[in-house]
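Structure, as structure tokens:
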Number of protein chains: 2
Amino acid sequence: MKTDNKLSSILHVILHLAEHNQAMTSETLALYLKTNPVVIRRMMAGLRQAGLVVSVKGHGGGWTMAKPLAAISLLDVYQALGAPRLFAQGYRQEAPQCLIEQAVNASLDSAFAEAERQLLQKFNAVNLSDIAADFELRYQQHLLTLEHSAATAQQSKQE
Amino acid sequence: MKTDNKLSSILHVILHLAEHNQAMTSETLALYLKTNPVVIRRMMAGLRQAGLVVSVKGHGGGWTMAKPLAAISLLDVYQALGAPRLFAQGYRQEAPQCLIEQAVNASLDSAFAEAERQLLQKFNAVNLSDIAADFELRYQQHLLTLEHSAATAQQSKQE
DNA sequence: TTTCATGTAACTCAAAATATTACATGATGT
DNA sequence: ACATCATGTAATATTTTGAGTTACATGAAA
């Protein structure tokens with residue numbers, strides 16, 4: 001199956017949006033995903049309805065965050081996207097007559113339902129600010145790496 | 001994405017096979033799924049390699065279980081199928097340069113990895129004999145229902 | 001009133017699971 | 001031997017669904 005990438009995509013986009021601190025157009029945001037602005041609008045439509053972002057038409061318009069990142073959970077975003085399918089596994093028949101198939105489906109159902117519960121709970125526990133904080137860490141680490149390689153280059157120059 | 005139904009399908013099939021207690025052809029098994037015998041062979045190929053079933057060619061040939069149901073876990077079957085993808089969610093880029101996207105992926109990764117671990121653990125804890133036992137329960141319940149509706153019919157006849 | 005931006009429907013494209021076709025291999029029964 | 005039955009598997013077609021594209025409507029700002 002082709003995977004659904006909306007969640008990962010829109011998170012990427014709105015974290016950039018939040019960093020930017022002013023309205024950004026669908027076209028600009030589309031550059032981050034190397035995709036078409038319409039794809040951005042389609043995904044953002046759900047977030048707008050959920051009150052996570054605001055859109056403004058016309059000159060100087062575009063998208064802005066409606067809430068601080070700390071007030072938005074991964075679960076909020078997931079649900080705003082329309083709660084796309086989590087699992088790639090399905091049943092051949094949803095409501096089979098065959099009692100064996102019923103027993104099989106019940107068994108799988110229970111396993112997947114439990115996993116889904118846990119996953120959504122985790123989504124609920126993670127705020128976008130947590131991800132932004134992780135980005136900050138990575139950024140500081142990145143700066144250190146640059147510094148270090150600059151120092152190393154300087155050193156090898158002197159040798 | 002079109003869901004992957006191999007796990008549910010093959011479980012259905014091999015439970016019928018186990019019930020039957022003698023070799024069954026791919027053609028017969030295909031009837032349970034209303035599909036093509038080749039589809040059965042393709043899925044069963046993995047189970048054969050894993051030593052869960054045995055196939056015999058020619059007259060009177062077909063498929064038989066190689067182990068008792070109690071000795072086969074859901075995990076065994078899942079892995080014998082080639083461990084098909086569990087989640088429908090993916091990342092736009094596997095190894096992104098963008099630090100924001102890296103942070104997003106790391107966050108999702110952790111959530112999905114945890115869910116996968118739990119799911120496989122559950123698969124490991126369920127044996128096919130558990131599912132067969134559940135089928136038996138459903139079957140007994142079904143018989144009771146038939147009896148009851150027969151009694152009701154008899155009763156309404158007398159009225 | 002022109003330009004910029006979103007809102008959305010309709011259509012096309014692409015990827016992946018499943019189904020089908022075709023033919024090879026091997027075992028059994030006559 | 002050889003006809004028949006059954007699996008083994010490659011190649012191809014079909015189907016589903018996420019993503020991309022085109023087209024046009026709506027509304028706000030210069």
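Below, read A as the first sequence line, B as the second, and so on, with proteins coming before strands; counting in each chain starts at 1. Quick note: numbers below take in every heavy atom, side chains included, and nothing from hydrogens, waters or symmetry partners.
Salt bridge status for A:Arg92 with A:Glu101: absent, with no side-chain N to carboxylate O gap under 4.0 Å.
Rounded to an integer number of Å, the gap from A:Leu86 CG to D:dG18 P is 12 Å. Rounded to an integer number of Å, the gap from A:Leu17 CG to C:dA5 P is 15 Å. Rounded to a whole Å, the CG atom of B:Asp4 is 15 Å from the P atom of D:dG18. Taking atom CD1 of B:Ile40 as the reference point, atom C1' of D:dG8 lies 15 Å away to the nearest angstrom. Remark: P of D:dC5 and CD of B:Glu27 are 11 Å apart, rounded to the nearest angstrom. Straight-line distance from the CZ atom of A:Arg92 to the C1' atom of D:dT15: 13 Å, rounded to whole Å. Distance B:Leu29 CG to D:dA6 P: 12 Å, rounded to the nearest Å. Rounded to whole Å, atom P of C:dG7 lies 12 Å from atom CG of A:Leu47.
Residue A:Lys6 places at least one side-chain N or O under 4.0 Å from the OP1 or OP2 atom of D:dA19. Within the 4.0 Å cut-off from OP1 or OP2 of C:dT6, at least one side-chain nitrogen or oxygen of A:Ser26 is found. For D:dG8, one of the phosphate oxygens OP1 or OP2 lies less than 4.0 angstrom from a side-chain nitrogen or oxygen of B:Ser55.
Applying the side chain to side chain contact (heavy atoms under 4.5 Å, CB included) test between A:Ser107 and each of B:Leu11, B:Leu74, B:Asp130, B:Asp134 identifies B:Leu74 as the sole match.
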(request) Do nucleotides 20-30 of chain C as a string where each nucleotide becomes B, S or -: B if the base has a protein heavy atom under 4.0 Å, S if just the sugar-phosphate does, - if no protein is that close. (result) BBB--BBBB--
Considering only distance and modelled atom types, tabulate donor-acceptor pairs under 3.5 Å from the side chains of residues 36-49 of chain B, sequence neighbours left out.
{"unit_1": "B:Asn36", "atom_1": "OD1", "unit_2": "B:Val38", "atom_2": "N", "d": "3.0"}
{"unit_1": "B:Arg41", "atom_1": "NE", "unit_2": "B:Ser26", "atom_2": "OG", "d": "3.4"}
{"unit_1": "B:Arg48", "atom_1": "NE", "unit_2": "B:Ser55", "atom_2": "OG", "d": "3.4"}

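No donor-acceptor contact under 3.5 angstrom links the side chains of A:His20 and A:His16, judged on distance only.
With hydrogens and angles ignored, no donor-acceptor pair closer than 3.5 Å exists between the side chain of B:Lys2 and the base of D:dT17.
Formation of a donor-acceptor pair under 3.5 Å by the B:Gln102 side chain with backbone atoms of B:Pro96 is found in this model. In terms of modelled atom types and a separation under 3.5 Å, the side chain of A:Tyr91 and the main chain of A:Asp109 share a donor-acceptor contact.
Nearest to the side-chain atoms of A:Arg48 among the listed nucleotides C:dG7, D:dT7, D:dG18 stands C:dG7.
Taking CD from B:Gln140 and OG1 from B:Thr145, the interatomic distance works out to 11.0 Å, rounded to the nearest 0.5 Å.
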